[in-house]
Amino acid sequence: ADIRKVSFLINTTAPAEPFLECCYGTGSCFCSLVVSWWEEERYPEGIKWKFLEHKGPVFAPPYEPLPENVKFYYDGKVMKLSTKAEEVATFFAKMLDHEYTTKEIFRKNFFKDWRKEMTSEEKSTITSLSKCDFTHMSQYFKAQTEARKQMSKEEKQKIKEENERLLKEYGYCVMDNHKERIANFKIEPPGLFRGRGNHPKMGMLKRRIMPEDIIINCSKDSKVPPPPPGHKWKEVRHDNKVTWLVSWTENIQGSIKYIMLNPSSRIKGEKDWQKYETARRLKKCVDKIRNQYREDWKSKEMKVRQRAVALYFIDKLALRAGNEKEEGETADTVGCCSLRVEHIKLHPELDGQEYVVEFDFLGKDSIRYYNKVPVEKRVFKNLQLFMENKQPEDDLFDRLNTSILNKHLQDLMEGLTAKVFRTYNASITLQQQLKELTNPDDNIPAKILSYNRANRAVAILCNHQRAPPKTFEKSMMNLQSKIDAKKEQLADARRELKSAKADAKVRRDEKAVESKKKAVQRIEEQLMKLEVQATDREENKQIALSTSKLNYLDPRISVAWCKKWGIPIEKIYNKTQREKFAWAIDMAEEDYEF
DNA sequence: GGCTGGACTTAGTAAAGGCCAC
DNA sequence: GTGGCCTTTACTAAGTCCAGCC
């Protein structure tokens, strides 16, 4: 037990600053008594750390004015802008090729904010955005990008080294006994806000963050990071009830932004583990909860019925909770509790199925959710009731919100909230699908295809979509031509085998036959691998697997599956993912059950 | 109970990095 | 050695949920 306390002190390299030089469990020093965080004792509820030391954030590089020969034109005439106005103009110029800059809201918001940065002279001259010509500036930036690509190896190496230096210096902190990677140690640079979907604030100026905006959080007994020369921090605090190292308030929504630790850190990993444990507890009582909400569909109280129907959707369709949002401040998106009458259509009968509900709404990130779902008769009748005498823009569940729902869930199981259903249903689906789809006789690529299909089932359930890659068609065609070539090669190899066999009869040369046989086998395997790859890619065109993999699937299920079938874990998780899920890789055995 | 701010998780896209066929 | 493609990482927006206030 004492090893835990001293693990960070043992380091045979005896550096000048042992505390900052020790590997803290990363394995890069000679220390052999390192204990992983998941083997350590947990802190009491609410306490997040005892010691925290870091170097503070990295600020965005200062604005570099454009060279004299890069011109901005207003109403056809060259105009020299003040530094501040020029900086904001470059933000627009850099986005010129993007569809964003053609949108009216974007242009209006941009122009309004840009004018605030202008001198009074500029303000009186520049009165219309459509008379502004940013094309020269835009070309300049494109040329810069091109030049960066064309840089010599040495120059590229120099930049890489500089980045590494920055990462080494600012990218890590010490939290208790561990040296931990920081997720986002760089402050967001100024620019134009690009919301997702139809965001009313798109195009607004995201202002530059200064040290005076920054709150530093670290422990009292640590070395407080110094602010840049000539500046001071807004505040230095020592709050060990939170996990963040740095925070500031952004100017678009007035919300707080944070610098926090990497997913591989103890503080994130422990929480992640806990999340899956909560989902596993739900597994134990989900049947009871389901029976309960079925009963509640018949309740005399409207509120209870609405709650029960909403919970049914959250459970069956893995919908998000759906908090209320401030109108006009963000894009108009909804989740379960905030669904409106206009988002569903009821079909007593559709395509041979009874009681079909057609969902069509924009969810998180303005991703469209479209689904036709047969539901139980009681649900259907309830929905008809909820929609009675309502306008399309009225709330479907007018007696319900996420707070009411979560309070109820809390009563059903400690720690239960709406999002736990998503985690639970995602993980249980993966486990079931893996059981169903894995064929013991398959080779490794085929097994991995099965894994991806199981993963895909979850991604579809959670509606994780992506824009089809721009080069999708082309890359499919490339793959197809590879397959065709492989097929020809196989045909050749088979012919050769045949003639070798014929030869062998005459000359009794079995050796040649054997080697030709092997060649055929090898090519067959290669062909199959390519075909599997093509199937996988086609099925994945519009589906993003990574979100569910990273956030919803208990990693122990995947680790156990790999162990059971002898699949190298690297085939399922890349390096970053293995770091994030190190706890699961260490813990889960092949018989792990979610 | 409603409202708000704060903390933290989840999300898709753009840019960077790395790898492989040529 | 390099161009082009695919994978990974960086970035930051947009959710969820809770606590504290009235």
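Bear in mind that the values here come from a model prediction, so they are computed numbers and not experimental data. First the proteins, then the strands, lettered A, B, ... as listed; each starts at 1.
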Restricting both atoms to N or O, compile the protein contacts to nucleotides 19-21 of chain B shorter than 3.5 Å, with distance only.
none

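- Only A/Gln253, A/Lys257, listed by number, bring a heavy atom of residues 236-264 of chain A to less than 4.0 angstrom from any atom of DNA chain C.
- One atom, OH of A/Tyr100, and another, C1' of B/dT13, lie 9 Å apart when rounded to the nearest Å.
- Taking the six-membered ring where tryptophan is involved, the planes of A/Tyr293 and A/Tyr312 are perpendicular, since the angle between them exceeds 60° and thus also 30°.
- Contact of the A/Arg368 side chain with the A/Asp360 side chain is registered, since non-hydrogen atoms from C-beta on lie closer than 4.5 Å.
- Counting only heavy atoms from C-beta on, A/Lys271 has its side chain closest to B/dC8 among B/dA11, B/dC8, B/dT10.
- Put simply, the side chain of A/Thr101 never gets that close to the backbone of A/Asp97: no donor and acceptor are under 3.5 Å apart.
- Summarising the geometry, the separation between CD on A/Glu235 and C1' on B/dG6 is reported as 14 Å, rounded to the nearest angstrom.
- DNA chain B is contacted by both A/Asn163 and A/Ile267; A/Ile267 maps to the nucleotide lying nearer its 5′ end (nearest heavy atom per residue).
- The side chain of A/Arg181 contributes an N or O atom lying less than 4.0 Å from OP1 or OP2 of C/dA10.
- A/Tyr552 has no side-chain polar atom (N or O) that falls below the 4.0 Å cut-off from OP1 or OP2 of B/dT9.
- Checked by atom type, the side-chain pair A/Lys325/A/Thr333 shows a donor-acceptor distance below 3.5 Å.
- A donor-acceptor pair under 3.5 Å is absent between the side-chain atoms of A/Glu235 and the main chain of A/Ile215, judged by distance alone.
- For residues 544-558 of chain A, every residue pair satisfying the salt bridge (charged side-chain N to carboxylate O under 4.0 Å, His left out) rule, not counting sequence neighbours, is listed here: A/Glu277-A/Arg556, A/Asp554-A/Arg556.
- Each of A/Asn574 and A/Ile187 was matched to the nucleotide of DNA chain C holding its nearest heavy atom; the match closer to the 5' end belongs to A/Asn574.
- Within the structure, every side-chain polar atom (N or O) of A/Lys268 is placed at least 4.0 Å from both OP1 and OP2 of B/dC8.
- Sorted by first and then second residue, the salt bridge (charged side-chain N to carboxylate O under 4.0 Å, His left out) pairs involving residues 309-320 of chain A (not counting sequence neighbours) are A/Arg290-A/Asp315.
- In this structure, the side chain of A/Arg307 does not engage the main chain of A/His408 through any donor-acceptor pair within 3.5 Å.
- Of the residues in residues 190-204 of chain A, those with a non-hydrogen atom less than 4.0 angstrom from any atom of DNA chain C are A/Phe193, A/Arg194, A/Gly195, A/Arg196, A/His199.
- Between A/Thr547 and B/dG12 there is a side-chain N or O to OP1 or OP2 distance below 4.0 Å.
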*Treat primed atoms plus P, OP1 and OP2 as sugar-phosphate and everything else as base, then score nucleotides 15-22 of chain C 5' to 3': B for base contact with protein heavy atoms under 4.0 Å, S for sugar-phosphate contact only, - for none.*
SBBS----
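- Ring to ring, A/Phe106 and A/His199 are not that close: their centroids are 6.0 angstrom or more apart.
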